[in-house]
Amino acid sequence: MKYKIKSLINSALTQAYNNGDLNSPEIPEVIIEEPKLGAQGDYSTNIAMILASIQKMPPQKIAKAIVNNINNSDSFFDKIEIAGPGFINFFINKAAWYPVLKQIHQMDLEYGASNIGKGKKIQVEFVSANPTGPLHVGHGRGAAVGDSIANILNFCGFNVEKEYYINDSGRQISTLGRSVFFRYKELFGEDIVFPEDCYQGKYIIDLAENIKLINGDNFLNLEEETAVKNCAIFAADKILSEIKEDLDSFGVQFDNWFSEQSIFDSGKVAKAIENFQNKKIIYNKEGALWFKTSKFGDEKDRVVVRKNGLTTYFASDIAYHQDKFNRGFERIIDIWGADHHGYIPRIAASIEASGESRNRFDVILIQLVNLLRDGLPVAMSTRAGEFVTLKEVIKEVGRDAARFIFLTRNSDSPLDFDLELAKKKTNDNPVYYVQYVHARISSIIRKGKENGIADINWNAEAINMLTEPEEIDLLKSMNRFPEIVKQSAIRLEPHRMTFYLMNLASSFHTYYNKHRVLNDDPLLSCGRLYLVLAVKKVIRNGLRLLGVSAPEAM
RNA sequence: GCGCCUGUAGCUCAGAUGGAUAGAGCAACGGACUUCUAAUCCGUAGGUCGCAGGUUCGAGUCCUGCCAGGCGUACCA
């Protein structure tokens, strides 16, 4: 629709110049917007104001020239007005909205899809929580955002791969092993002081008990180093499989689980370091190896190999990101907790140093989730290892509510997640507000069938009866859906879809309360059924992109 | 100190590329179920867009400075 108006304006401009109504043939990008006020038309453009300086003419006069030259032979426009300082407002003929209905029904599950991705390989890496403890709410937000972005990109024609990076090497894993081993020894009555730098959570004790159950006291007879290592392997495996279960029950499936250890084993970390050394962008200072990230926009250089010979987390990240590009991804998207934002410049530096363009790399930062209950903060202490896990949240409020609520905010603003509110089945809870539309329409359709309207098909005569303002409003809203999908994809902002759905839901509820779909007039009923079935499909498609179900009944 | 994010109605938040009179929801108040699902709808009220300058026909949006909150600023991850 916008595109059509745009091209009509462009030809009007050319024609106006040819007629001598305009001074210059230069045409800037025409921007079509949807005014907030109905009185300002369905669409409007500010092109006359933009052209004022180029044409050296007053905007009003330019606007007039455009309007006079616009082709409206097919009565696409009801009227075109010039308003304010030079806005041109377009009022679309009602009938022009009807084709969108047909399109929705025909495309069905594909309505809103596009090919802006052109099959490009793109990777979304998210959650990537260390296998040293269970997933908490914050990870849930990252999972919801990442999965939804992947869905949306996929819908837009990208070839998307979802990846989880497992930090299964290095210090945090050996700390995990130590933590479990200490608890294990405690189980055999050994009196020990549990170190502060170890993981404090109760789940560590559970893991120790698990080991005891399987291995008895065998680990006590091993060298401490071996025992710790065995504990680490056991615990990390166990935790990882629980993480997988949690994500699965959250409806998130990854295409690839990438092990940090594997890039050490394949020698890619060593190779990356060597490569940078050859390029003279890694140097030795005070016994440690430093990467000159400052040459690539970071504020200072960073250590990749410590004095003690161990690599830093950054070293494996360099190799990991190189590996991503080597796997043929044209774009990579990392989703991180916002507390890691300081890490962006150095990863970007490493990408540039590896010869890739840094604008093929995006980071989405996810701000904190404040867990509340009835408006009051839920006490959590990471230090004491007490936090509400994702599993508990899903169990309490349900997967749909959790996913939807995580997507009700732009990811870079903090999110209040109220457990009580998430369970409420009222207007306060946006999930049910949207799902209810789907259920209501399903119910109407069932009723329609009972009344003998079995086939809901395009019927020009019936469709032409859709003239109520609320009906046109629904058509306009549904017409916007494909553009919302694209915007969400381009800006990597799934919350746009969430807001759109709440908006469409609101338009539907308004319509529902004012007009009866099934009424005395069979023809009108038929047209309205065709309309609401389209709404149902759009809601379903939108919810699917968010990973939320669309129930037939509630 | 420096860097990033945030600051919009009492509360929680939308407002891409600068556009017309800044929008929702909640809470408050008043209404609507003999009707296709009231998990809904309608109405009323609510604002110095943190503050101060600047850019221009026009700024919540762009620039500069300040204020407040969060996070970061390791040879931790």
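Order of the sequence lines sets the chain letters (A, B, ...), proteins ahead of strands, with each chain counted from 1. The structure presented is a predicted model; accordingly, all values stated were derived computationally and were not measured.
Comparing A/R409 and A/E552 against RNA chain B, the residue whose closest nucleotide sits nearer the 5' end is A/R409.
For A/S44 and B/A20, a side-chain-to-base donor-acceptor distance below 3.5 Å is present, hydrogens and geometry of angles not being considered. Side-chain atoms of A/N89 and base atoms of B/A20 include a donor and an acceptor less than 3.5 Å apart.
Comparing B/C41, B/C75, B/C36 against the side chain of A/Y512 picks out B/C36 as the nearest. Relative to the side chain of A/I444, the nucleotides B/C36, B/A20, B/C41 differ in distance, and B/C36 lies closest. Taking the side chain of A/Q367 as heavy atoms from C-beta on, and the options B/A16, B/A77, B/C5, the nearest nucleotide is B/C5. You'll find that the side chain of A/E299 is closest to B/C2, out of B/C2, B/G15, B/U37. Minimum atom distance to the side chain of A/A288 is reached by B/C75, of the listed B/C75, B/A16, B/A20. For A/R440, taking side-chain heavy atoms from C-beta onward, the closest of the listed nucleotides B/A16, B/C75, B/U40 is B/U40. The side chain of A/M49 approaches B/G19 more closely than any other nucleotide in the set B/C36, B/A77, B/G19. If you check B/C36, B/A14, B/U37 against the side chain of A/R446, the one that comes closest is B/U37. The side chain of A/S413 lies closest to B/C13, out of B/C13, B/C36, B/U17. Distances from the side chain of A/H341 to the nucleotides B/G72, B/A14, B/A20 place B/G72 closest.
One finds a side-chain N or O of A/Y436 lying less than 4.0 angstrom from the OP1 or OP2 phosphate oxygen of B/A39. Here A/T498 does not reach the OP1 or OP2 of B/C13: none of its side-chain N or O atoms lies under 4.0 Å away. Of the side-chain N and O atoms in A/T312, none sit less than 4.0 angstrom from OP1 or OP2 of B/A74. Phosphate contact (OP1/OP2 of B/C41, side-chain N/O of A/Y433, threshold under 4.0 Å): present. For B/G3, neither phosphate oxygen OP1 nor OP2 lies less than 4.0 angstrom from any side-chain nitrogen or oxygen of A/K300. Distances shorter than 4.0 Å separate none of the side-chain N or O atoms of A/R491 from OP1 or OP2 on B/U17. Under 4.0 angstrom from either OP1 or OP2 of B/A14 there lies no side-chain N or O belonging to A/Y500.
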Verdict with reasoning, A/F406 to A/F417, per ring-ring contact (aromatic ring centres under 6.0 Å, His included):
CA-CA 8 Å; A/F406 282 136; A/F417 191 113; 5.2 Å; yes
Show your reasoning for whether ring-ring contact (aromatic ring centres under 6.0 Å, His included) applies to A/Y165 and A/Y320.
CA-CA 9 Å; A/Y165 181 62; A/Y320 176 45; 3.9 Å; yes
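For the P atom pair drawn from B/U8 and B/C49, the interatomic distance equals 11 Å after rounding to whole Å. Nucleotides B/G54 and B/G72 place their C1' atoms 31 Å apart, quoted to the nearest Å.
For the pairing with A/S316, the side chain to side chain donor-acceptor pair (under 3.5 Å) check across A/Q261, A/K268, A/E260 returns one residue only, A/E260. Remark: of the listed residues A/V517, A/V535, A/L529, A/I539, A/V535 is the sole one forming a side chain to side chain contact (heavy atoms under 4.5 Å, CB included) with A/I441.
Base-pair partner of B/C33: not found among the strands shown (Watson-Crick or G-U wobble, both distances under 3.5 Å). The partner of B/C2 is B/G72, judged by Watson-Crick or G-U wobble contacts that both fall below 3.5 Å. Of the nucleotides present, B/G50 is the one that pairs with B/C66 by Watson-Crick or G-U wobble criteria, both distances under 3.5 Å. Nucleotide B/C11 has B/G25 as its partner under the Watson-Crick or G-U criteria, with both atom distances under 3.5 Å.
A distance cut-off of 5.5 Å between ring centres, combined with a plane angle under 30°, leaves A/H509 outside any stacking arrangement with the base of B/A38.
When the shell of 6.0 Å around CZ of A/R171 is examined, it contains 12 or fewer heavy atoms from other residues, nucleotides or ligands. The local environment of NZ in A/K449 is sparse, with at most 12 non-hydrogen atoms from other residues, nucleotides or ligands closer than 6.0 Å.
Remark: P of B/A39 and NE2 of A/H438 are 18 Å apart, rounded to the nearest angstrom. Rounded to whole Å, atom C1' of B/U6 lies 13 Å from atom CG of A/L365. Atom CG of A/L421 and atom C1' of B/U12 are 10 Å apart (whole Å).
Taking the ring centroids of A/F126 and A/Y164, they lie at or beyond the 6.0 Å cut-off.
Note on A/Y432: a base of the nucleic acid sits closer than 4.0 angstrom, heavy atoms only.
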